[in-house]
Each structure stands twice: as structure tokens, then as C-alpha cells.
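Single-structure report; data block below.
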Amino acid sequence: MGPEVSQLPSQLPVNSAFSKEVPKLQIAFDSTSIGALQRCPRFYQLSIIEGWRGKEPAIDLQFGIWLHSGRERFYHAKADGAQYEEAHNAALEYVLTESWDQSLGRPWMGDEYKNRFTLVRTLSWYLEEWKDDPLETVTLANGKPAVEVSFRFELGALASSGEMYMLCGHLDRLVRLSEKLFVSDLKSTKSALGSWYYAQFENDNQMSTYSFAAGVVLSEPCEGVIIDAAQIGVGFSRFGRHVLKRHPARLEEWYRSLKVLLAQNEQYVAQDFWPQNPSSCFKYGRPCEFLSICSRPPQSREQWLKADFVKRVWDPLQVRGDV
Amino acid sequence: MTEQPTGNPLAEAQATSLDEFFSRKPPFDEGTITGIKIELRKMREKWLAAEAAGASAPKAKRAASAKAPKGVAKISAEDLWGQK
């Protein structure tokens with residue numbers, strides 16, 4: 001999910017996450033940008049720096065955005081004093097309204113698994129599943145619930161341009177479990193919710209970023225991330241919860257690794273060349289969306305990108321929440 | 001996709017009602033929202049009961065199709081057990 005702006009190339013806004021001094025040098029990083037750079041420098045160049053994206057509708061992304069926002073409406077209504085049923089209604093009204101396609105005058109269709117009906121069903125069943133939630137939403141200093149919290153702070157590392165690197169992004173929900181601080185992250189998937197599903201997050205960059213950021217935002221140690229997973233079937237939505245611990249020493253290691261990664265990126269910027277990482281061309285048994293591009297001779301790639309992809313700006317400095 | 005016949009007039013009536021709900025455009029009044037929520041709650045209770053009973057795929061399919069609106073009633077063994 002992310003701060004994405006998609007327009008005609010000539011109308012694309014300036015990406016404020018990049019250096020004002022050195023072209024193509026990203027200064028403000030979110031977990032998506034970091035993950036892209038870790039995965040493959042060329043993937044990072046194409047998807048983040050140049051902003052190419054496939055033309056097909058991003059159904060998973062849209063579904064996730066509405067599911068998160070619906071859940072956010074529920075917690076905000078509760079924080080404003082609403083009872084469970086009233087807050088539940090507020091959440092459902094939001095997703096029902098948002099998933100009506102005004103331009104086409106019909107419900108958002110999505111696909112067989114993710115569509116208007118399964119969106120509303122999943123949100124409603126999720127709220128039922130966790131009606132008596134042992135996780136307590138953190139209340140921020142401004143009195144609002146810590147849901148969809150946007151953050152940005154300096155990383156304590158200076159770029160060659162003289163600008164300070166920043167870490168930014170959005171935290172789904174900050175919670176307490178037995179008085180300890182965790183990030184609660186909502187994921188939707190078509191996969192079964194077994195140990196294999198949760199294992200993908202054990203050393204996941206996004207979860208480390210969130211744990212690190214939550215500790216900085218609240219100035220107290222964050223224990224890790226609690227994954228709230230929703231399995232979306234055609235005829236059902238099933239839920240699971242899994243705790244991912246992040247020991248402080250692991251977060252130190254993540255932070256150190258990030259600074260090395262940023263230094264590597266400066267080398268790529270200096271050479272205006274982001275090398276391919278061929279071992280990442282297949283992930284989870286699926287080809288990288290740019291495999292068809294990287295498989296062509298360099299001189300013809302731009303032409304194929306223009307034919308098969310559209311440009312958008314991925315600007316992690318766009319604020320989404322209330323902080 | 002078409003609704004699977006359930007042989008249960010009440011369930012079919014509920015499905016028709018939900019189907020009608022989900023083709024509606026905003027704005028939604030409180031009664032409509034509450035109606036949808038109640039139908040979804042009934043649907044969840046049936047699903048949970050079917051799952052708790054260790055329902056076979058065909059039985060769970062019938063349970064799901066008795067509650068889901070038209071066009072989304074299909075359920076497969078893959079859906080049930082996550083097998084590909």
C-alpha cells in the first residue's frame with residue numbers, strides 16, 4: 001500500500017523523496033523503497049526511481065487500501081465514543097461507499113476473490129473475529145488512536161549530497177499486549193494461513209522497518225509486529241494472528257545493514273547504473289514484473305517499457321494518517 | 001457465474017437480498033448498513049459452524065452458496081484447504 005500518484009508522464013509531480021542536489025538520489029526511504037533496493041537494484045531503478053508499473057489494475061493493492069481504511073474508520077469511531085455496532089456500521093459504510101465506481105456507475109468488480117462483496121464481508125467478519133480484541137490500541141498524545149500512523153524521522157546518516165537520510169512510512173496500528181508495544185499489521189491473502197505463510201515475515205524488511213519506526217515514534221522499545229492475516233476465499237474469509245518478535249539487537253543489525261545499503265545506492269547513483277540481481281527474477285514462484293524488460297537488449301528496453309507499462313510517482317513522504 | 005441451487009427457499013431469499021444490497025450505490029442509510037451487517041453475521045455463523053463441523057468441501061460449498069450473493073457463491077477445495 002502506498003503513496004502512489006499515477007498520471008500522464010508530463011503531469012507527474014516532483015518526487016519530494018529524492019535529493020534536490022543529486023539527481024536520482026533518494027533521501028527519504030520507506031519499507032517499499034528499501035525492499036525494492038534489497039531485492040534488485042535494477043528493480044529499484046525501474047519501479048521506484050523511474051516509477052514504471054504494469055498497466056493491469058492493481059486489485060490486491062486496492063483491496064488492501066480499502067480494508068485498512070475501513071479498519072481505521074472502526075478504531076477512530078471507537079475512540080470517538082461509538083459502541084461496537086455503531087463503529088462497525090461506520091466501517092462498512094465507508095467501504096461500501098468507496099467501492100462504488102462512480103465513473104462506471106457500478107460496484108468495483110475486482111476479481112473472483114477480491115471484489116466489493118468479499119471486501120465488505122472480510123471487513124465485517126474481521127471486526128466480528130476480533131470484537132473482544134486482547135490487543136489494546138495505543139492512544140496518541142493528541143488523543144487519537146494510533147491507527148494508520150504516518151511517520152518520518154532522520155536516520156542519523158548523511159548522504160553525499162549533504163542531506164540527511166530519512167525513514168518514513170505508515171504504521172497500520174500501534175497496540176499493547178501485556179503492556180508491551182507492538183505494531184499490528186493487517187495482511188490479506190489468497191493463501192492458506194499456515195506456518196509457511198507467516199514464515200515469509202520472519203526476517204522481512206517491512207516488519208523490521210515498522211518495529212524500528214514504532215520504537216522511535218513512541219520513544220520506547222517495540223517488541224515486534226503482530227500480523228493479523230485475512231485469507232480471502234471466494235465463499236469465506238478466514239483469520240489468523242501471528243506474533244513476530246524483533247529483538248533490539250536484530251533491529252540494530254537491520255539499521256546497520258540499511259546504512260550499508262544506502263552507501264551502495266550512492267555508488268549506483270554515481271555511476272548512473274543499477275545492476276540486475278538475476279537471483280531475484282523469480283519470487284514466490286512468479287516472475288518479476290520486469291523480467292520481460294530485463295530479458296531484452298538494453299537499447300530496446302525503454303521502448304518496451306513505454307508500450308507495456310505506465311509511469312507513476314512513488315513518494316513515501318505523502319502523509320496518510322494523523323501524525 | 002451462477003448461484004448454486006440450495007433447495008432452501010429461506011436461504012435463497014437471503015442470498016437474493018444480499019445480492020440486491022451489493023448492487024446498490026451510495027449513499028447508504030443506517031438501516032441498509034445494519035441489514036447488510038446482520039446478513040453477513042448470519043453468513044459467518046453458518047461458515048464457522050460448517051468449518052467447526054469439519055465439513056467436506058461439497059457440504060461447505062452448499063453452506064457458502066446458501067449465503068453468498070449471486071456471482072460470488074463458488075467455493076472450491078482450494079478455497080477450503082488452501083491447496084493448489
Side-chain angles (χ1 to χ4, degrees), chain A residues 73-74 84-129 131 189-194 196-197 229 231-240 284-285, chain B residues 1 3-4 6 15 17-52 55 57-84:
Chain A
R73 294 299 188 286
F74 174 82
Y84 171 81
E85 296 295 343
E86 189 185 346
H88 192 150
N89 282 11
L92 295 190
E93 182 180 11
Y94 170 79
V95 290
L96 277 163
T97 302
E98 291 297 308
S99 60
W100 179 263
D101 191 329
Q102 295 283 0
S103 60
L104 297 175
R106 69 177 194 197
W108 176 66
M109 302 303 281
D111 61 21
E112 190 180 18
Y113 286 84
K114 294 187 175 180
N115 50 56
R116 192 189 203 203
F117 168 67
T118 61
L119 170 69
V120 178
R121 182 194 66 202
T122 301
L123 179 60
S124 182
W125 288 19
Y126 172 83
L127 297 177
E128 298 276 356
E129 179 82 12
K131 185 175 181 179
T189 178
K190 294 168 191 167
S191 304
L193 304 180
W196 192 251
Y197 172 76
Q231 180 188 356
I232 318 296
V234 175
F236 70 93
S237 300
R238 181 186 281 135
F239 304 96
Y284 309 124
Chain B
M1 289 175 289
E3 178 89 343
Q4 299 296 310
T6 63
S17 168
L18 258 187
D19 195 34
E20 193 265 334
F21 275 141
F22 281 96
S23 59
R24 279 194 197 180
K25 66 179 181 179
F28 300 95
D29 58 37
E30 196 70 18
T32 302
I33 299 287
T34 300
I36 290 173
K37 183 178 65 181
I38 290 170
E39 292 301 323
L40 288 171
R41 192 168 282 157
K42 289 179 192 170
M43 190 183 293
R44 177 171 179 266
E45 285 164 4
K46 285 185 182 176
W47 165 254
L48 289 175
E51 204 175 33
K59 282 182 182 172
K61 179 177 178 177
R62 281 197 296 276
S65 61
K67 346 178 237 194
K70 288 175 183 173
V72 291
K74 276 178 54 180
I75 186 166
S76 64
E78 288 83 6
D79 296 329
L80 269 175
W81 315 119
Q83 294 164 346
K84 295 288 177 188

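The sequence lines fix the lettering, A, B, ..., with proteins before strands; numbering per chain opens at 1.
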Practice item. Tell me, for A:Thr97 versus chain B, whether the close heavy atoms (under 4.5 Å) come from the side chain, the backbone, both or neither. Key: both
Practice item. Please confirm whether the backbone N or O of A:Arg238 pairs with a side-chain atom of B:Trp47, one donor and one acceptor, at under 3.5 Å? Key: no
**Study point:** Selection from A:Glu129, A:Glu85, A:Arg106 maximising heavy-atom pairs under 4.5 Å formed with chain B
**Key:** A:Glu85
Spacing of [X] atom [atom1] and [Y] atom [atom2] [to the nearest 0.5 Å]:
| X | Y | atom1 | atom2 | value |
| --- | --- | --- | --- | --- |
| A:Ser124 | B:Glu39 | OG | CD | 11.0 Å |
| B:Lys37 | A:Leu127 | NZ | CG | 10.0 Å |
| A:Leu96 | B:Lys25 | CG | NZ | 15.0 Å |
| A:His88 | B:Thr34 | NE2 | OG1 | 9.5 Å |
| B:Glu51 | A:Phe236 | CD | CZ | 7.5 Å |
| B:Leu40 | A:Arg121 | CG | CZ | 8.5 Å |

Exercise for review: Mind running side chain to side chain contact (heavy atoms under 4.5 Å, CB included) on B:Leu48 and A:Trp125 for me, showing each step along the way?
Suggested key: CA-CA 11 Å; B:Leu48 289 175; A:Trp125 288 19; over 6 Å; no
Practice item. Measure the shortest side-chain to side-chain distance between B:Pro26 and A:Gln102 over non-hydrogen atoms and say whether it is less than 4.5 angstrom. Key: yes
**Study point:** Partner set under salt bridge (Lys or Arg N to Asp or Glu O under 4.0 Å) for A:Asp111, not counting sequence neighbours
**Key:** A:Lys190
Point to revise | Listed partners of A:Trp108 passing ring pair (Phe, Tyr, Trp, His ring centres under 6.0 Å), at least two apart | key: A:Trp66
